[in-house]
Amino acid sequence: MLGWALTFFIIAIIAAVFGFGGIAGAATGIAKIIFFIFVVFLVLSLIFNAVRGKKPKI
């Protein structure tokens with residue numbers, strides 16, 4: 001999921017360089033949404049693993 005957020009962020013940067021403001025804004029918005037969903041899932045995963053007593057795999 002983090003990979004998708006980075007992909008949309010790169011698309012936004014490229015679109016902004018070429019002057020496509022609408023596409024850059026939309027891609028930036030999508031990247032932000034996906035990034036925050038990723039953060040929520042990360043926190044939930046850490047909480048559930050802590051409750052179940054498992055150590056995080058690194």
Side-chain angles (χ1 to χ4, degrees):
M1 189 172 283
L2 189 58
W4 281 102
L6 290 174
T7 301
F8 278 107
F9 181 68
I10 291 170
I11 290 171
I13 290 173
I14 292 170
V17 167
F18 288 118
F20 299 111
I23 295 172
T28 303
I30 293 169
K32 284 182 184 179
I33 291 169
I34 293 174
F35 176 75
F36 286 120
I37 291 172
F38 167 77
V39 170
V40 168
F41 284 156
L42 174 69
V43 169
L44 288 175
S45 175
L46 292 174
I47 290 171
F48 286 141
N49 282 335
V51 169
R52 292 190 330 181
K54 289 186 176 180
K55 294 181 181 178
K57 293 182 182 179
I58 299 176

(request) Hey, could you give me the CZ/CZ distance between F35 and F9, rounded to the nearest 0.5 Å? (result)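 Going from CZ on F35 over to CZ on F9, the span is 11.0 Å.
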(message) Nearest 0.5 angstrom please: F48 CZ to F41 CZ, how far?
(response)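 One gets 10.5 Å once the value is rounded to the nearest 0.5 Å.
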(message) Test your reading of the model: is there a side-chain donor-acceptor pair from T7 to the backbone of G3, 3.5 Å cut-off?
(response)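 Judged by distance alone, yes, a pair lies under 3.5 Å.
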(message) Using the side chain to side chain contact (heavy atoms under 4.5 Å, CB included) definition, which of the options L42, I47, V43, N49 pairs with S45?
(response)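 That would be N49; it is the only one of L42, I47, V43, N49 passing the side chain to side chain contact (heavy atoms under 4.5 Å, CB included) with S45.
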Ignoring hydrogens and angles, write down the donor-acceptor pairs under 3.5 Å from the side chains of residues 16-34, residues two or more places apart or on other chains.
residue : atom : partner : partner atom : Å
T28     : OG1  : A24     : O            : 2.7

(message) Applying side-chain contact (heavy atoms from CB on, under 4.5 Å), can you list everything that pairs with I10, at least two apart in sequence or on another chain?
(response)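 Residues passing side-chain contact (heavy atoms from CB on, under 4.5 Å) with I10: I14.
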(message) Applying a strict under-4.5 Å side-chain criterion to I, L, V, M, F, W and Y, I'd like to know whether F38 and F36 cluster together.
(response)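 Yes, one cluster joins them.
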